[in-house]
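Each ligand, and each atom within it, is numbered from 1 in the order the structure gives. Excluded from the calculations below are hydrogen atoms, water molecules and symmetry mates; all remaining heavy atoms, backbone and side chain alike, are included.
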Amino acid sequence: MAEMEMVAEFPSPAGAARWAEVMARFAARLGAQGRRVVLVTSGGTKVPLEARPVRFLDNFSSGRRGATSAEAFLAAGYGVLFLYRARSSFPFAHRFPPQTWLSALRPSGPAHSGLLSLEAEENALPGFTAALRSYQEAAAAGTFMAVEFTTLADYLHLLHAAAQALNPLGSTAMFYLAAAVSDFYVPVSEMPEHKIQSSGGLLQITMKMVPKMLSPLVKDWAPKAFIISFKLETDPSIVINRARNALEIYQHQVVVANILESRQSCVVIVTKDSETKLLLSEEEVGKGIEIEEKIVDNLQSRHTAFICEQN
Ligand code: PAZ
């Protein structure tokens, strides 16, 4: 079955058509300004096991890679369409979970004319003011847009809509597919309607393979774009071969290979004819540098070269 027909098999999320329009307008506006636009996908997908779902198959992804990369792309001048798993890391906010600001911020007096006054010790929330400023600058410039998904079905439909939105930008569009998307799902037609009963004994579930959306993305949805997929493994001895295999099959430009435990300090940028290891030293960690800054810096240069080649 063709991949697009497979997407149509998954239930479309509420508001999908409206999101498609909003994303198309976002991309067209930034494209008209001559800005490059990147779609950053982030976080894991949730796969329901029942039609009225109580239980789900989920994965480890925190969304930190996507959120931190979105910040770096904004700093590099890209427009960022951030397609992220609801309640996973969010750009500029993820370093400040509620337990940090709940104890650091306190009301600093009665509200005047509807304005709330809060104060904090300067060193209680390091980086907070800079993060607020950066977010608000991006919001004011209209260079950042966030779209949420939860389930695998939401993700597949929104990815397709985002690809249609970015396709008119040609080679100036980048796809940075850092989300950890489930490889398996239970088709709606094969799900039990009600909660699976534990009184039924051992649970055996047969799941189908999720169609690989990289294939229609590269071939049909955005064939001129600069496309980066990610490959995560737990076995270091296979990760580069798996990345090479993906490049061979899908014929896109880059795979970022990483290992579960070391993903925040080491990645390998794999292309058809190169392998570049990016490492974060202890000293850089101490300075607050994050691996995503290096990844984005590297990919931005490759994107520039790609645009020049296409023209
Ligand atoms: O979301 P996170 O920061 O916890 O982890 C990032 C990551 C490992 C999900 C990402 O770098 C990645 O490899 N994504 C693709 C995973 C895969 O499907 O192979």
Query raised in the report: In terms of residue, atom name and distance, what is the protein heavy atom nearest to atom 6 (C) of ligand 1?
Result: R65 CB, 3.6 Å

Requested in this report: Only counting residues at least two apart or in another chain, list the ones meeting ring pair (Phe, Tyr, Trp, His ring centres under 6.0 Å) with F184.
Outcome: none

Query - Element-labelled atoms of ligand 1 that are located less than 4.0 Å from some non-hydrogen atom of K231 - result: 19 (O)

Query raised in the report: Would you call R64 and E290 a salt bridge, taking side-chain N to carboxylate O under 4.0 Å as the test?
Result: yes

Query raised in the report: Does any N/O atom on G43 come nearer than 3.5 Å to any N/O atom on ligand 1?
Result: no

Query raised in the report: Ion pair present between E137 and R133, side-chain N to carboxylate O less than 4.0 angstrom?
Result: no

**Report entry** E284 bridged to K294 by N-O distance under 4.0 Å
**Finding:** yes

Requested in this report: Using a strict 4.0 Å cut-off to heavy atoms of S62, name the atoms of ligand 1 that fall inside it.
Outcome: 1 (O), 2 (P), 3 (O), 4 (O)

Requested in this report: Examine the proximity of ligand 1 to L232 and report which part, side chain or backbone, both or neither, has a heavy atom under 4.0 Å away.
Outcome: both

Report task. State whether D154 and K46 are salt-bridged, where the test is any N-O pair (Lys NZ or Arg NE/NH1/NH2 against Asp/Glu carboxylate O) under 4.0 Å. Result -> no

Query raised in the report: Relative to ligand 1, is R263 under 4.0 angstrom through side chain, backbone, both or neither, heavy atoms considered?
Result: side chain

**Report entry** Close N or O approach (F60, ligand 1; < 3.5 Å)
**Finding:** no

**Report entry** Proximal atoms of ligand 1 relative to R64 (non-hydrogen, under 4.0 Å)
**Finding:** 1 (O), 3 (O)

Query raised in the report: In a check of side-chain contact (heavy atoms from CB on, under 4.5 Å) between T41 and each of Y84, F175, Y155, F82, which one passes?
Result: Y155

**Report entry** Close approach of A179 to ligand 1, heavy atoms, under 4.0 angstrom
**Finding:** yes

Report summary line: Nearest non-hydrogen protein atom to atom 14 (N) of ligand 1, with distance, is A178 O, 3.0 Å

Requested in this report: Could you check atom 13 (O) of ligand 1 against the protein and tell me its nearest heavy-atom contact, residue, atom and distance included?
Outcome: N258 ND2, 2.9 Å

Query - Side-chain donor or acceptor of Q253 paired with backbone N/O of I228 under 3.5 Å - result: no

Report task. May I ask you to identify the nearest protein heavy atom to atom 12 (C) of ligand 1, giving residue, atom name and distance to one decimal place in Å? Result -> F230 CB, 3.6 Å

Query raised in the report: Are any side-chain N or O atoms of R85 and backbone N or O atoms of G63, one a donor and one an acceptor, separated by less than 3.5 Å?
Result: no

Report task. Provide the number and element of each atom of ligand 1 under 4.0 Å from a heavy atom of S61. Result -> 1 (O), 2 (P), 4 (O), 9 (C)

Query raised in the report: Below 4.0 angstrom, N of the basic side chain to O of the carboxylate: do R242 and D235 qualify?
Result: no

